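So the structure is just underneath, and the comments pick up after that.
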Amino acid sequence: MPHKLPVDFLVRLQGQEYVDSCLLTRALQEPETPSIRVNLAKWDKVPLNAAAVPWCSSAYFLTHRPDYTPDPLYHAGCYYPQESSSMFLEEIFKQLLKDAVNLRVLDLCGAPGGKSTHLSSLIGKNGYLVSNEVIINRASVLAENMSKWGLSNTMVTRSDPAAFCNLPGFFDMILVDAPCSGEGMFREQSVIDEWSPANATLCSDRQKRILRDVWPALREGGFLVYSTCTFNPEENEKNIRWLTDNSCSEPVRIDISNFQGITEIYHEGIYGYGFYPGSVKGEGFFISALRKT
C-alpha cells in the first residue's frame, strides 16, 4: 500500500533546488534495496548474487532482505546491516585522511553503531575512536554493536556534546550524524507520522546547538563531517553555511566523478552531497565536510 506523504513536505520539495521531486516521491513508494557491510577483520565472504556498493570497499547490495535476528554471523559481528548511502563516509574519509596515522576520531551521535563500526575499521589498530551517544538506552545498543564488531580501538561514552569542550583541539575528525526530521526514511510510515514542519525546525535548532557545542574539540586543520537522513535544506546545507559563518572554517569539496547518481549541492560557498532515492540505491542522505582553520 503506497504511503501518503505529508502535503507540506511535497509543497516544499517542488520548489527545492537539486531535487527531481517526481522521481524522488515515486521512489519513496518503492521497496528499498537492503545492504550490508562486511567486517573484514572477521569474515572475507561475498554474499550470494550481491552487487558491490560503489563507494564502500566492503559493502554489498542484497537481492532481498534476510532475517538477521537468527543469523549467528550477524551476532558474531561478521557483518553489519547498514543503509548504503551512509557508507559514503568511507570515500570522504579516504579523500581527507587517507595517509593519516594515529587518528583520534569522535562519532558524536553514534547509536546504533553503523558509522562507528565503519570508522573503527577505517582508522585501523593505531587509531582511536570515541563513539558517543547521550541517550542511555541507545548507548546500550551502541555498546553492544561495538562489542560485536570486536575491534579494540574504540570506547563508548554517554556524554552531552558540550562535555567535549573539556578536550579542546583533541580530535582530528569529528562526525556529527545529527538527529533530524528523517525525510530520507519516508518509506516507513512511522517516520511520516512523526514528521511536521515544526519538528523539522526543532531539529534544525538542535543541530546548530550540537555543532556549536562540539566545535572546540576539533583541532586546527581537522575535519568536521556532518550528515543527516533528511532532504530539508534548513537541516542540511543551510546549517553548514551557518557553521562557517560562526566559526573559523572552510568548506571541503569531495570528488564524486567516479560515482553516478550523487548530487553535489552548492549553497553560498559550501558543498554538500545529496543521495536521493530514484537517483541512487538506498535511503535519502546528506553529507558535508569542513576543515577547521
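Please read all numbers here as calculations on a predicted model, not as lab measurements.
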Does a donor on one side chain sit under 3.5 Å from an acceptor on the other, for [X] and [Y]?
{"X": "N132", "Y": "T157", "value": "yes"}
{"X": "S181", "Y": "N232", "value": "no"}
{"X": "S249", "Y": "S247", "value": "yes"}

Can you tell me if [X] uses its side chain to pair, donor with acceptor, with the backbone of [Y] under 3.5 Å?
{"X": "D213", "Y": "I210", "value": "no"}
{"X": "E220", "Y": "K292", "value": "no"}
{"X": "E237", "Y": "Y266", "value": "no"}
{"X": "S204", "Y": "E235", "value": "no"}
{"X": "N39", "Y": "Y80", "value": "no"}

Determine the interplanar angle of the Y68 and Y79 rings, folded into 0 to 90°, and report it as parallel if under 30°, tilted if 30 to 60°, perpendicular if over 60°. tilted
Is the closest basic N to carboxylate O distance between R241 and D245 below 4.0 Å? yes
Less than 3.5 Å apart, which donor and acceptor atoms pair up between the side chains of residues 48-61 and the rest of the protein, not counting sequence neighbours?
unit_1: W55; atom_1: NE1; unit_2: S84; atom_2: O; d: 2.9
unit_1: S57; atom_1: OG; unit_2: E90; atom_2: OE2; d: 2.9

Would you be so kind as to tabulate the donor-acceptor pairs closer than 3.5 Å made by side chains of residues 276-289, with sequence neighbours excluded?
unit_1: E283; atom_1: OE1; unit_2: R187; atom_2: NH1; d: 2.6
unit_1: S288; atom_1: OG; unit_2: Y271; atom_2: O; d: 2.5

Sorted by chain and number, sequence neighbours left out, side chain to side chain donor-acceptor pair (under 3.5 Å) with R219 holds for D172
Remaining members of the apolar cluster that contains V7, side-chain heavy atoms under 4.5 Å: V11
Non-hydrogen atoms of P112 and R138 that approach each other most closely: N-NH2, 4.3 Å
What salt bridge (Lys or Arg N to Asp or Glu O under 4.0 Å) pairs are there with at least one residue in residues 31-45, not counting sequence neighbours? E32-R65
In chain order, what residues pass the side-chain contact (heavy atoms from CB on, under 4.5 Å) check against P6, with sequence neighbours excluded? F9, F186, I192, W195
Using the rule that Ile, Leu, Val, Met, Phe, Trp and Tyr join whenever any side-chain heavy atoms are under 4.5 Å apart, tell me whether I135 and L202 fall into a single cluster. no
